[in-house]
Amino acid sequence: MKRLKIAALAALALTLSPPAMAQMTDGQSPQPAIEAGNYPYQLFLPRGYSADKAKQWPLLIFLHGSGERGDDVAKVKVHGPPKIADRDPDFPFVLVSPLLGTDQDWDIEKLDRLVDYAAKKFRIDPSRIYLTGLSRGGHASWRWVVAEPTRFAAVAPVAGRGDPGGACRIMDLPVWAFHGDRDDVVLPEGSFNMARAIRACGGRKARLTVYPDLGHNAWDPAYDDPALYAWLLEHRLPAKDKK
């Protein structure tokens with residue numbers, strides 16, 4: 001009888017535990033959602049992460065666009081940083097790239113929980129947490145940083161659209177936006193208006209790169225440019241006062 005009770009308790013513990021990670025070795029791998037209703041994701045650990053148990057790493061969150069939505073987490077690697085990381089084991093970030101379900105839009109509360117989890121689970125430098133996203137993920141990047149302007153050290157929305165009404169909330173946040181000047185899916189004004197509004201508030205940390213004669217796909221030139229990643233790493237969140 002005691003054995004049966006112990007076995008039943010063990011089974012219950014397994015059902016209540018968070019899903020196990022697929023791996024903890026260097027490189028990129030699919031991971032289950034951290035909790036029911038959250039997002040499965042691609043995890044990239046840079047070469048050397050497993051060997052150096054003391055080093056803290058920068059964390060980059062990547063939000064994909066509408067075309068990758070669904071139930072195939074491998075699609076997250078079609079564009080952007082996870083595509084880069086797949087071919088470069090020395091990509092210098094721990095990279096978390098969640099998968100959005102079919103016909104869904106990004107939920108900031110779910111993303112917050114995922115970032116909090118990643119920051120605790122992995123050896124992350126809390127002053128170097130960054131955000132980028134393309135198209136629908138670019139919209140969400142603008143929305144997220146306006147809602148929480150002190151969460152990230154820097155943000156890079158690509159082919160995204162923000163709400164200029166919230167621009168003054170991010171006047172002190174380093175921003176680098178990218179857009180094609182012939183984009184007819186998300187008009188370039190989506191980035192122009194945010195950059196102008198930030199500067200009108202007195203912000204001096206907003207950059208805008210406009211690619212001439214380019215349509216919606218601003219992400220290939222943006223993410224293929226090493227200058228973007230070097231720029232992200234230049235920025236840190238200010239140290240919090242210890243009470």
Side-chain angles (χ1 to χ4, degrees), residues 26-30 39 41-47 57-69 72-100 106 111 114-115 118 128-145 152-162 173-183 185-188 190-192 194-195 205-235:
D26 301 353
Q28 191 157 227
S29 62
Y39 304 115
Y41 62 100
Q42 290 286 346
L43 169 68
F44 173 78
L45 301 176
R47 180 156 53 190
W57 294 81
L59 172 64
L60 178 60
I61 305 298
F62 168 68
L63 305 180
H64 66 72
S66 296
E68 292 71 64
R69 291 182 295 179
D72 182 2
V73 73
K75 280 191 172 183
V76 171
K77 301 189 292 181
V78 170
H79 301 299
K83 177 182 177 182
I84 304 295
D86 239 16
R87 67 190 189 212
D88 180 7
D90 293 313
F91 189 67
F93 303 84
V94 170
L95 175 64
V96 170
S97 307
L99 173 68
L100 188 59
W106 293 109
L111 291 169
L114 178 56
V115 172
R128 295 189 295 166
I129 300 179
Y130 308 100
L131 172 65
T132 188
L134 65 87
S135 194
R136 182 176 294 274
H139 308 336
S141 296
W142 284 119
R143 184 158 42 93
W144 196 354
V145 295
F152 300 100
V155 60
V158 180
R161 178 178 56 248
L173 176 68
V175 173
W176 192 353
F178 301 83
H179 226 112
D181 73 340
R182 294 182 179 272
D183 191 339
V185 178
V186 179
L187 297 181
S191 293
F192 294 164
M194 287 301 293
K205 298 180 180 179
R207 302 175 62 174
L208 174 60
T209 292
V210 179
Y211 298 110
D213 298 319
L214 186 65
H216 191 42
N217 182 7
W219 45 87
D220 279 350
Y223 290 125
D224 283 343
D225 188 350
L228 169 59
Y229 307 106
W231 175 84
L232 288 171
L233 292 171
E234 290 174 1
H235 302 289

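All residue numbers in this chain count up from 1 along the given sequence.
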For [Y], does its backbone N or O pair with a side-chain atom of [X] as donor and acceptor, under 3.5 Å?
{"X": "Asp181", "Y": "Asp213", "result": "yes"}
{"X": "His139", "Y": "Arg161", "result": "yes"}
{"X": "His64", "Y": "Leu100", "result": "yes"}
{"X": "Tyr223", "Y": "Pro81", "result": "no"}
{"X": "His235", "Y": "Val175", "result": "no"}

With heavy-atom distances below 4.5 Å as the criterion, would you say the side chains of [X] and [Y] are in contact?
{"X": "Asp183", "Y": "Leu214", "value": "no"}
{"X": "Lys77", "Y": "Gln28", "value": "yes"}
{"X": "Leu232", "Y": "Leu60", "value": "yes"}
{"X": "Phe44", "Y": "Val94", "value": "no"}
{"X": "Phe62", "Y": "Leu95", "value": "yes"}

Problem set entry | CA sep, side-chain torsions, deciding dist, call: Trp144, Leu111, side-chain contact (heavy atoms from CB on, under 4.5 Å) | CA-CA 9 Å; Trp144 196 354; Leu111 291 169; 3.4 Å; yes
For this session: Please round to the nearest 0.5 Å and tell me the distance separating atom OG of Ser135 and atom CH2 of Trp219.
Result: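 If I round to the nearest 0.5 Å, the distance is 5.5 Å.
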Exercise. Hey, what's the ring geometry for Tyr39 with Trp106, parallel, tilted or perpendicular (30° and 60° as the breaks)?
Worked result: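 Tyr39 vs Trp106 ring planes: perpendicular.
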For this session: Over 60° means perpendicular and under 30° means parallel, so classify the ring planes of Phe93 and Phe91, tilted if in between.
Result: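 Rings of Phe91 and Phe93: tilted, 30 to 60°.
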Exercise. In this structure, which one of Asp72, Val73, Leu99 forms a side chain to side chain contact (heavy atoms under 4.5 Å, CB included) with Pro30?
Worked result: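 With Pro30 as partner, Asp72, Val73, Leu99 yield a single side chain to side chain contact (heavy atoms under 4.5 Å, CB included), made by Val73.
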For this session: Give the C-alpha distance, both sets of side-chain angles, the deciding distance and a yes or no for ring-ring contact (aromatic ring centres under 6.0 Å, His included) between Trp231 and Tyr229.
Result: CA-CA 5 Å; Trp231 175 84; Tyr229 307 106; over 10 Å; no
Exercise. Can Trp176 and Thr132 be said to form a side-chain contact (heavy atoms from CB on, under 4.5 Å), step by step?
Worked result: CA-CA 9 Å; Trp176 192 353; Thr132 188; over 6 Å; no
Problem set entry | Derivation and outcome, side-chain contact (heavy atoms from CB on, under 4.5 Å), residues Leu131 and Val145 | CA-CA 9 Å; Leu131 172 65; Val145 295; 3.9 Å; yes
